[in-house]
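Below is one structure; the comments refer to it alone.
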Amino acid sequence: MKGRKHILVVEDEKHIGTLVKYNLEAEGYRVTLVEDGPTALKLVRADPYAFDLIILDLMLPGMSGYAVCETLRNEKVMVPVLILSARSLSEDRTRGFDCGANQYLTKPFDLDELLARAKNLMRLYPQQSTKPMESANVKLQQIHFGRATINFESYEVFVDDKEVKMTHKELQLLRYFAENEGRVISRQELLTEVWEMSGDMQTRSVDQFMLRLRKIFETDPAKPKHFLTVRDAGYRFVSDGSNSTDATGPLDEVDAAPNP
Ligand code: CA
């Protein structure tokens, strides 16, 4: 068992860095504070599972926060990243999420909100389960959920006993969700794990595939019970859709409408 959660704070403004560190430590976390991007990268590369969360500024000496986050994701380091930045434009947020960040909080920020978001992220992305799957040889062969039966070996998909044609990529995506049932999966992770793409590809294409899965498997695609949107975080698959809207926390708000 791991002891206290360890948070890496990357912040070059000393008073903010110190304030964040002090308050996280007061909550019982272990905190490492660094002031530039290259040092942060070096620490995470030395042990990709050393940290439970990274709180990352964007405007940093040496290397931007975007570059730090993107580099980590390209290296398949999936530790949750919360961007904390004075940049408040929606393009900045979008760029942050495209780089693989999980949350974006603008400065000036409310300390309680930062602490709540940090706690949520560590709960949603516990480090042991965000490790890339090592049991790749144990592939899921068949699943049943809702009205559907899927055989991943024969590529046969039945919904209400009617055969449905799905593409290879759609089936790969479905299998990834099934193998990670219940866990919130970011668009970035889907791109990396299912499409094997780096952060360059638009996360929007993931949303198109999600619309397709909902169309095939949901009784009402506008009110999904199995393929849930988790706001600001990604998607979550639940095979038993009967009580899929019981929130496990404020981040688990389910959007009724799929993302545009
Ligand atoms: Ca800065």
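Throughout, residue positions are numbered sequentially from 1 according to the sequence presented. Counting convention: from 1, in listed order, for ligands and their atoms alike. Below, each value reflects all heavy atoms present in this structure, side chains not excepted, and no hydrogens, waters or symmetry copies.
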query: Under 3.0 Å from the Ca ion (ligand 1), how many protein N/O/S atoms can be counted?
result: 3
query: Can you tell which of F158, F177, F217 makes a ring pair (Phe, Tyr, Trp, His ring centres under 6.0 Å) with F145?
result: F217
message: Going by side chain to side chain contact (heavy atoms under 4.5 Å, CB included), I55 matches just one of L114, L8, V10. Which one?
response: L114
message: Under a 3.5 Å distance rule, please check whether E170 uses its side chain to pair with a backbone N or O of R212 as donor and acceptor.
response: no
Between side-chain atoms of residues 104-111 and protein atoms elsewhere (two or more places apart, or another chain), which donor-acceptor pairs fall under 3.5 Å?
| unit_1 | atom_1 | unit_2 | atom_2 | d |
| --- | --- | --- | --- | --- |
| Y104 | OH | R87 | O | 2.7 |
| K107 | NZ | E11 | OE1 | 2.9 |
| K107 | NZ | E11 | OE2 | 3.4 |
| K107 | NZ | E13 | OE2 | 3.4 |
| K107 | NZ | D57 | OD1 | 3.2 |
| D110 | OD2 | D112 | N | 3.4 |
| D110 | OD2 | E113 | N | 3.1 |

query: Can you tell which of N74, V68, L72 makes a side chain to side chain contact (heavy atoms under 4.5 Å, CB included) with E70?
result: N74
query: Quick check, are the ring centers of F209 and W195 under 6.0 angstrom apart?
result: yes
